[in-house]
Engineer: 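One structure, pasted below without further comment.
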Amino acid sequence: MPSVPSDVPALRAALLDWYDVHARSLVWRTPPGVGTRPDPYRVWLSEVMLQQTTTPHATPYFLEFTRRWPTVGDLAAVEDGELMAAWAGLGYYARARNLLACARAVASEHDGVFPDTEEGLLALPGVGAYTAAAVAAIAFGRAANVVDGNVERVMARLFAVETPVPAARPELRRLAGSLIRDERPGDWAQALMDLGATVCRPKSPFCGDCPITRWCAGYASGQPERYPLKTKKAERPHRHGFAWVLRDDQGRVGLVRRPDKGLLGGMLGLPTSDWSSTPDAAPPVPAGWREAGAIEHVFTHFSLTLTVRTATGQGEFIWTPVEEALAGLPTVFRKALERGLA
DNA sequence: CATCCGTGGAG
DNA sequence: TCTCCAAGGAT
C-alpha cells in the first residue's frame with residue numbers, strides 16, 4: 001500500500017509553482033493565482049463538455065454556446081431540439097439532455113444561482129462526482145477532491161500503484177485526497193490535470209519537464225509509462241443495418257426524432273433498420289429506392305456498417321432542409337446523408 | 001461492479 | 001490500418 005510523502009507541502013508548492021508558469025490558456029479559464037473566480041456557469045458548461053472529450057474538440061462548442069447563451073437562464077430557455085442540434089457532433093448526447101435539465105433546475109429551483117457545495121452540485125442532472133468536485137473547487141474555492149483520468153494517472157505513477165484500473169480507482173482517489181489542502185483548491189485541481197495532459201501523458205511522458213519527479217515512485221522505477229496498469233478490455237462487435245435518405249422536391253430530407261433513451265438518444269436521425277445484422281429490411285415508406293453505397297462508423301462499444309438507400313417521396317417525417325440536417329445530425333447520420341447525396 | 005453511451009486525433 | 005483514449009455519468 002503506497003504511502004504519502006512526508007513533505008506534502010513541498011510537493012504541492014512545486015506543482016503550484018509549475019502551474020503558475022505553465023498553465024494552459026483555455027477559453028473557459030481565468031489565469032492562475034488571480035483572486036477573481038470564474039463564472040460557475042462557464043465552469044460547469046466547460047466541465048460537462050470536457051467529459052470524455054478533448055480540449056480542441058470542445059473549444060468551438062464552448063465558444064458558440066456562451067455566445068448564444070451567456071447565462072444559465074438563457075440556456076434554460078432554449079428549446080430541446082435547438083439544444084440537441086447545437087450539441088450535434090460532440091457525442092455522448094445524454095450530456096446535452098442532462099445539460100438542459102440541469103440549467104432548468106438551476107433556473108427554476110435555485111433562482112438561477114449554482115449551488116456552491118459539492119453536495120448541492122451532485123444533486124444536479126449530469127453532474128457526477130468529478131464534475132461536482134471540479135465546479136466546487138474551481139468556481140467556489142472548495143477543497144474538493146477532483147479526480148479525473150489525468151489525476152488517476154498521475155497518482156498511479158506518483159505512488160507506483162500496482163493494482164490495475166478500474167479496481168484501483170478507490171485507492172487512487174484516496175491518494176489524491178491525501179494531497180488536498182485548503183490552499184488554492186481550484187488551481188491545485190487544474191495543475192494536476194494540466195500536468196497529466198501535457199507532461200505526465202498516457203504514452204511517453206516528459207519526465208524531464210516534470211516538477212515532482214523527486215517524489216515520484218513511478219519515475220524512480222524507471223518505467224513510469226507502465227502506470228496505471230490496466231485490465232484488458234473486451235473487443236468491439238461489428239453490426240450492420242440500413243439508412244434511408246428520403247428527399248422531397250424542395251431540397252428537404254425526411255428525418256425522425258430518436259427516443260430519449262439509448263444510442264443517440266433525443267437526436268434527429270435518418271430512418272434506419274435495426275442494427276442487429278439484418279440481412280435486409282423494409283424501407284419506412286414505399287418508393288423507388290436506389291443503392292447509394294455504405295458508410296462505416298465506430299461507436300464506443302461496437303462498429304457499424306450502414307448501407308444507404310435513397311429515393312424521393314413523401315411521408316410522416318420531420319422534413320428538414322438538407323443544409324440544416326447536415327449541421328444538426330450526429331456524425332453517423334451526417335456521413336450517411338452525405339453518402340446519399342453524393 | 002459492468003455496461004452503455006460518440007467522436008476525432010495521435011502514434 | 002489499428003489501437004488507444006480525452007476534464008465521466010447514469011443505470
Side-chain angles (χ1 to χ4, degrees), chain A residues 23-24 26-29 38 42-62 84 87-99 101-102 121-139 144-154 164-170 173 176 186 188-198 200-204 225 228 230-239 258-267 269 275 296-304 329-335:
Chain A
R24 288 178 293 173
L26 304 171
V27 296
W28 45 82
R29 227 179 224 186
R42 294 167 60 88
V43 175
W44 161 75
L45 179 61
S46 67
E47 292 299 343
V48 173
M49 287 184 167
L50 288 164
Q51 289 166 7
Q52 297 292 286
T53 304
T54 59
T55 294
H57 195 187
T59 295
Y61 286 85
F62 178 86
M84 300 309 286
W87 196 274
L90 200 47
Y92 284 134
Y93 298 98
R95 290 186 296 173
R97 288 181 278 114
N98 286 329
L99 189 84
C102 181
L121 290 160
L122 199 51
L124 295 169
V127 177
Y130 163 76
T131 303
V135 175
I138 298 169
N145 192 15
V146 181
V147 184
D148 72 331
N150 287 307
V151 177
E152 286 182 353
R153 182 171 58 257
V154 171
V165 288
R169 293 241 156 84
R173 167 173 296 280
W188 175 254
Q190 294 178 96
L192 274 178
M193 292 191 281
D194 274 23
L195 188 76
T198 65
C200 198
R201 309 182 303 170
K203 300 169 192 173
S204 51
E225 68 281 356
K230 303 187 178 182
T231 56
K232 213 176 84 176
K233 57 184 67 170
E235 61 186 73
R236 201 168 7 231
H238 188 80
R239 302 181 187 174
R258 298 176 62 82
D260 277 346
K261 306 278 185 185
L263 189 75
L264 309 173
M267 297 296 289
W275 297 347
E296 299 289 333
H297 192 75
V298 179
F299 293 99
T300 303
H301 56 294
F302 67 95
S303 55
L304 175 70
L329 286 173
T331 299
V332 62
F333 292 125
R334 181 178 55 74
K335 281 156 63 171

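Naming convention: chains lettered A, B, ... in sequence-line order (proteins, then strands); numbering from 1 in each chain. FYI, side chains are in, hydrogens and waters are out, and symmetry mates aren't considered; it's all heavy atoms of this structure.
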Engineer: Given 3.5 Å as the limit, does a donor-acceptor pair link the side chain of A:Arg97 with the main chain of A:Lys261, or not?
Structural biologist: no
Engineer: Taking the P atom of each, how far is C:dA7 from B:dG11, in whole Å?
Structural biologist: 14 Å
Engineer: Would you say A:Tyr92's side chain and A:Met49's backbone share a donor-acceptor pair under 3.5 angstrom?
Structural biologist: no
Engineer: For a 4.5 angstrom cut-off between non-hydrogen side-chain atoms, does A:Val127 reach A:Trp44?
Structural biologist: yes
Engineer: So do the side chains of A:Met193 and A:Val151 get within less than 4.5 Å of each other, counting heavy atoms only?
Structural biologist: yes
Engineer: Look only at the side chain of A:Arg95 and the backbone of A:Gly126, and say whether a donor-acceptor pair between them is shorter than 3.5 Å.
Structural biologist: no
Engineer: NA contact type, A:Ala189, heavy-atom cut-off 4.0 Å: base, sugar-phosphate, or nothing?
Structural biologist: nothing
Engineer: Quick check on DNA chain B: between A:Pro166 and A:Ser204, whose nearest nucleotide comes earlier from the 5' end?
Structural biologist: A:Pro166
Engineer: Given that A:Ala167 and A:Gly89 both sit by DNA chain B, which one's nearest nucleotide is further toward the 5' end?
Structural biologist: A:Ala167
Engineer: Under 4.0 Å between any heavy atoms, over every strand shown, what does A:Lys335 touch: base, sugar-phosphate, or nothing? Just pick one.
Structural biologist: nothing
Engineer: Scan A:Val127 against the nucleic acid and name what it touches under 4.0 Å (heavy atoms): base, sugar-phosphate only, or nothing.
Structural biologist: sugar-phosphate
Engineer: Tell me, please, which residues at least two apart from A:Arg236 pass salt bridge (charged side-chain N to carboxylate O under 4.0 Å, His left out).
Structural biologist: none
Engineer: Using a cut-off of strictly less than 4.0 Å between a heavy atom of the residue and any atom of DNA chain C, enumerate the qualifying residues of residues 43-51 of chain A by number.
Structural biologist: A:Glu47, A:Leu50, A:Gln51
Engineer: On DNA chain C, nearest-nucleotide positions of A:Leu124 versus A:Leu26: which is more 5'?
Structural biologist: A:Leu26
Engineer: Which residue, A:Leu122 or A:Asn150, contacts DNA chain C at a nucleotide closer to its 5' end, judged by nearest heavy atom?
Structural biologist: A:Asn150
Engineer: With side chains defined as the heavy atoms from C-beta onward, is the minimum distance between A:Thr53 and A:Tyr61 less than 4.5 Å?
Structural biologist: no
Engineer: Hey, do the aromatic rings of A:His301 and A:Phe299 have their centres closer than 6.0 Å?
Structural biologist: no
Engineer: Under 4.0 Å from a heavy atom of chain A: give me the 5'-most and 3'-most nucleotides of DNA chain C that qualify.
Structural biologist: C:dC5 to C:dA10
Engineer: Is there a side-chain contact between A:Asp194 and A:Asn150 in this structure, where contact means two heavy atoms from C-beta onward sitting under 4.5 Å apart?
Structural biologist: no
Engineer: Apply side-chain contact (heavy atoms from CB on, under 4.5 Å) to A:Val146 and A:Trp188, showing your working.
Structural biologist: CA-CA 9 Å; A:Val146 181; A:Trp188 175 254; over 6 Å; no
Engineer: Sequence neighbours excluded, which residues qualify as salt bridge (charged side-chain N to carboxylate O under 4.0 Å, His left out) partners of A:Arg201?
Structural biologist: none
Engineer: Within the structure shown, what part of the strands sits under 4.0 Å from A:Thr331 by heavy-atom distance: base, sugar-phosphate, or nothing?
Structural biologist: sugar-phosphate
Engineer: Determine all donor-acceptor pairs shorter than 3.5 Å in which one atom belongs to a side chain in residues 129-139 of chain A; sequence neighbours excluded.
Structural biologist:
| residue | atom | partner | partner atom | Å |
| --- | --- | --- | --- | --- |
| A:Tyr130 | OH | A:Glu47 | OE1 | 2.6 |
| A:Thr131 | OG1 | A:Gln51 | NE2 | 3.0 |

Engineer: If the P atom of B:dG8 is compared with that of C:dG9, how far apart are they to the nearest Å?
Structural biologist: 22 Å
Engineer: Going 5' to 3' on DNA chain B, which nucleotide is the first and which the last to come under 4.0 Å of a heavy atom in chain A?
Structural biologist: B:dC4 to B:dG8
Engineer: Could you tell me whether A:Ala58 contacts a base, only the sugar-phosphate backbone, or nothing, with contacts defined as non-hydrogen atoms closer than 4.0 Å?
Structural biologist: nothing
Engineer: Mind checking A:Leu90 for me? I need base, sugar-phosphate or nothing, with any heavy atom below 4.0 Å counting as a touch.
Structural biologist: base
Engineer: Scan A:Arg97 against the nucleic acid and name what it touches under 4.0 Å (heavy atoms): base, sugar-phosphate only, or nothing.
Structural biologist: nothing
Engineer: Contact class for A:Arg24 (heavy atom, under 4.0 Å): base, sugar-phosphate, or nothing?
Structural biologist: base
Engineer: Contact class for A:Pro330 vs. all strands (heavy atom < 4.0 Å): base, sugar-phosphate, or nothing?
Structural biologist: sugar-phosphate
